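Everything below concerns the one structure shown next.
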Amino acid sequence: MSVELRDRFFALSAGDAPAEEAARYRAEVDTIDARPAATVDGLDVSWHPSARFKAVRFIDAELIDEGVRELFARPSEEAPYLAAVFVDPHELSFRTFENIVPLDRLFEAVPLELAPAGLTEHAEGVFSFALRLPEQARDRLSRLDGLSLYVPPLNAASRGGERFIFHSALLAEALTEAVAQALPPAVAKDFSHVNPVFRCNGFEPGDANFHLHRDTPYYDAARGHVSRYTLLLYLTGGTGSPALDLAGGAALSEIDAFTCVLFDQRYEHEGAPYHDGRKVFLRTELVFAAADVTEEPEIGALFSKACYLTGESVFAPELARHADAYYNRVAAAHWDGLGEGPGRETFVHKEFRGVHFVANGYDFWFAESDGLSAAECAAITLLDYFNCKLGDTAFRALCRTEVIEAEDARWIPEFLRARQSRPTMTRVDKTAFFPDAEQPHSAICCPFHTWGGYDPTRHDEIIELYEEARSFAAAHILPAPILMLGADVALDPDRFVIQDNLIHVLGKEGLAPVNFAACWNDESVAEDYVTVAAKVGVTRFLVPPILYGESGGCRHLRFDFFRNSWMVDHRQGTVPVPRITELSWADPEERGGGWRRSVDDALIDEDHPLAAGEWWDDDEDDDWDDEEEDEDED
C-alpha cells in the first residue's frame with residue numbers, strides 16, 4: 001500500500017489530474033500513519049507521503065540506510081542517484097528550509113568550455129552577453145528543467161512559477177572563467193567566483209510575476225566574501241512585457257536562449273513570464289573579495305525576524321508576506337542603511353506546555369512573575385529558534401500559536417501577566433546516568449566455569465568495557481545544557497552562565513542522539529553484556545550570547561544566531577591579506593614590515609598599534625631570528 005501511495009504521488013504530480021482525484025488522494029494520505037524509515041541530516045524521512053510526512057525533498061540516495069534505500073523513488077532517469085523522500089514540515093528549521101539538490105554528477109563528463117560573446121551594457125551596473133558552449137553542455141543545461149525536481153517554494157504567493165535549488169561546483173567554475181573574461185575591468189576588480197548554489201526557475205505563460213524584490217546578498221565574514229551582482233542564465237528565449245524589469249535601470253523585453261544577464265544587487269527587479277513559451281533560467285551571484293563593511297545591529301535583528309517568520313509561515317501562510325518584506329528591507333539596508341519600516345510589526349504568541357511567551361524571531365518575552373528562571377527562558381528560546389525535537393516531535397508542533405500584529409511591543413507585559421505560566425522543565429543530576437561499576441570478583445570466570453552462578457556485573461572484562469562506554473557517554477552528555485528524556489525536557493542550569501546582561505550557553509555541537517550503556521544480557525560474549533539502557537537526546541549549542549534584561553515585568557531575551565548585520569562601510573580602502581611563507585632572509589622587504597607598509601592608512605584607527613608603528617619591533621625581530629636558528633638546529 002505504501003509503495004502504491006508513493007507511485008500515485010508522482011503520477012498525480014506529473015500530469016493534469018482532475019481536481020476530484022487529487023482531493024481523494026490527499027484525503028487518503030491524511031488517514032495514513034507512518035513511522036520514519038530513516039533519518040537524514042536530522043530529518044526523519046519516509047518513502048511515501050502520509051499524514052505526517054507531506055513535504056517532498058530530493059537527496060543523494062547513498063545517505064539513506066541501505067536496508068530501506070530501494071523503497072525510495074528515483075525522480076529522474078537523468079540523475080538516478082537522487083532519491084525522493086518525504087519529510088514532516090513541522091521539523092523544518094534554518095538548516096533544512098531549502099532543499100539544495102547535489103547535481104555535480106550531471107556535469108562530470110560534460111565539456112564545460114563556456115565563452116562570453118558580445119558584452120552589452122544596458123544601464124549602470126547592468127550587463128548581458130551571449131554564452132557560447134559545446135552542444136553537449138547546452139543539452140545538459142536544457143534538460144535541467146525536465147528533472148522533475150521542482151518543489152513549492154516557501155514564498156510561493158509572491159514569486160510565481162516554480163523552482164528548485166541545486167549545487168554544482170563544476171558549473172560554477174566554468175561560469176567563473178566566462179564571467180571573468182566578460183566583465184569590464186572596473187567591475188572585475190576583486191571578483192572571486194560564481195556562487196555554486198543555483199536556483200532553477202520555470203514559468204509558463206500566464207503564471208504570476210516574480211514580484212518586485214531585491215536579492216539578498218551573500219556574505220561570508222570568515223572568508224571575506226560578499227556578492228555584488230546577480231547572475232541570470234536564461235536557458236530558454238522569449239519575449240515579455242518586459243521579461244525582466246530593473247527598477248530605475250534597464251527593462252529587457254526580448255531575451256535569447258543562453259544569455260547571461262548581470263546586474264548590481266542594489267536594483268529592485270521584477271520578472272514576468274514569456275508570452276510565447278516556457279521561461280527557464282538559473283539564478284546565482286558573483287562573489288567578490290569584501291570591501292570594508294561595518295556592523296548595524298538592527299539589520300541583523302531584522303534578518304533574524306525574517307528567517308523566523310519564514311519557518312512559522314509553513315503553517316501560518318499569512319506570515320510569508322511579512323517575511324518577504326523583512327528580507328527586502330535587509331537586502332536594501334546592506335547597501336544603503338536601514339530605512340523606515342512599516343507602521344506595524346508581526347509577533348507570535350506561543351504556549352508550550354503551560355508556558356506563554358511572545359516572539360518575533362529576535363526578541364523573546366516571558367512574564368517575570370511566572371517563576372521561570374533566566375536559564376529556562378533561554379532554553380525555551382533556543383528550542384523554539386532551532387525547532388528542536390523533543391522525543392519524536394518538533395518543538396513547533398508542541399506549541400499553540402497565535403499571530404498578532406501591533407505598532408510596537410508595549411502591549412506584551414500586560415498580555416503575558418494575564419496568562420499565568422508554570423515552569424515546565426526539571427533540573428537533572430546528569431551524574432546519575434553513570435553509576436559506578438561493581439567491584440570485579442576474582443572467582444567469576446565465564447558463564448560455564450563460575451562457581452555459585454555467573455554475575456556479569458562482577459566480571460572484570462565486562463566492567464572494563466562498561467567503563468569505556470560510560471566514559472564515552474559522559475563526555476557527550478555532561479556538557480549538554482538541555483537533555484531530551486523522551487518527550488520530557490531536563491535542564492542543566494550550570495551550563496547557562498549569566499554575566500551582566502548576557503546569557504552564555506556552554507556547549508559546542510548540534511543535536512545528536514547519544515547512547516549510554518548499562519550491564520546485563522544473557523549472552524556469553526563480553527561485548528554483549530554491555531548494552532543500551534536508554535537513549536538521551538542532547539543539545540549542545542554553538543551560539544552567540546543571548547542578550548538579557550528585565551523591564552516592565554518581563555524577561556526580555558534577544559538572540560541573533562546569523563549575525564547578518566553587515567552593511568557596506570562608506571570608507572574605501574584595500575586590505576592586504578597576510579600569509580605565512582618561507583622567508584627569504586636575504587631580502588628584508590619580504591619580512592613582516594612589508595605587510596605593515598602595505599596597509600591602507602584609512603583603515604587604521606588612531607589607537608591601533610599600526611598607527612603608532614608598534615606592530616613590529618626591530619629589536620624583538622633580531623631576538624626572534626636567533627630563536628628561529630636554534631629551532632632549525634633542533
Side-chain angles (χ1 to χ4, degrees), residues 13-16 56 58 75-79 82 98-107 110 112 114 116-117 128-153 155-156 158-168 170-172 174-175 178-179 194-211 213 215 230-246 251-263 269-285:
S13 301
D16 297 325
V56 67
F58 303 100
S76 172
E77 294 181 0
E78 300 282 344
L82 293 178
E98 299 288 7
N99 179 199
I100 302 178
V101 185
L103 289 187
D104 244 352
R105 293 194 206 178
L106 284 182
F107 299 99
V110 177
L112 291 174
L114 312 182
S128 70
F129 59 86
L131 196 64
R132 294 175 179 167
L133 66 169
E135 189 60 37
Q136 190 178 353
R138 177 185 291 262
D139 179 65
R140 185 55 50 92
L141 286 167
S142 297
R143 285 150 69 178
L144 287 172
D145 185 42
L147 292 180
S148 301
L149 299 178
Y150 290 107
V151 294
N155 58 342
S158 64
R159 65 180 319 282
E162 54 188 358
R163 76 156 186 200
F164 67 89
I165 305 177
F166 70 92
H167 181 281
S168 175
L170 293 176
L171 180 57
L175 281 169
V179 168
V194 170
N195 192 334
V197 177
F198 296 84
R199 291 151 178 81
C200 182
N201 298 266
F203 289 80
E204 292 288 354
D207 282 348
N209 286 5
F210 196 145
H211 293 176
H213 66 286
D215 292 335
T230 289
L231 183 153
L232 303 180
L233 171 54
Y234 288 87
L235 305 184
T236 61
T239 58
S241 52
L244 175 64
D245 188 6
L246 298 161
L252 305 182
S253 297
E254 185 172 349
I255 301 175
D256 293 329
F258 295 95
T259 295
C260 279
V261 176
L262 308 173
F263 60 85
H269 56 285
E270 183 170 13
Y274 292 152
H275 299 314
D276 46 357
R278 183 164 174 80
K279 178 182 182 182
V280 182
F281 65 92
L282 306 183
R283 181 266 201 212
T284 184
E285 54 252 322

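Computed from a predicted structure; not experimentally measured. Numbers here are sequence positions counted from 1.
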Check: Thr236 and Arg278 side chains under 4.5 Å, non-hydrogen atoms: no

If you look at every heavy atom in Asp207 and Gly202, which pair is closest and at what distance? OD2-O, 4.4 Å

Nearest 0.5 angstrom please: Leu144 CG to Phe107 CZ, how far? 4.5 Å

Smallest separation among heavy atoms of Leu149 and Pro75, with atom names: CD2-CG, 4.2 Å

Leu233 pairs by side-chain contact (heavy atoms from CB on, under 4.5 Å) with which of Val280, Val194, Thr259, Leu131? Leu131

Is the closest side-chain heavy-atom distance between Pro196 and His167 below 4.5 Å? yes

Measuring from Asp145:CG to Cys200:SG, what's the distance to the nearest 0.5 Å? 6.0 Å

Smallest heavy-atom separation, Asp245 atom then Pro242 atom, equals CB-CG, 3.6 Å

State, yes or no, whether a side-chain contact exists between Leu82 and Leu147 at a heavy-atom distance under 4.5 Å. no

Does the side chain of Pro273 come within less than 4.5 Å of Asn209's, by heavy atoms? yes

Contact between Leu171 and Phe166 at the side-chain level, heavy atoms closer than 4.5 Å - yes or no? yes

Once you measure the plane-to-plane angle for Tyr150 and Phe164, does it fall in the parallel (<30°), tilted (30-60°) or perpendicular (>60°) bin? perpendicular

Would you mind reporting whether Thr239 and Tyr274 have side-chain heavy atoms less than 4.5 Å apart? no

If you define the side chain from C-beta out and look only at heavy atoms, does anything of Leu112 sit under 4.5 Å from Leu170? yes

So do the side chains of Arg283 and Asp215 get within less than 4.5 Å of each other, counting heavy atoms only? yes

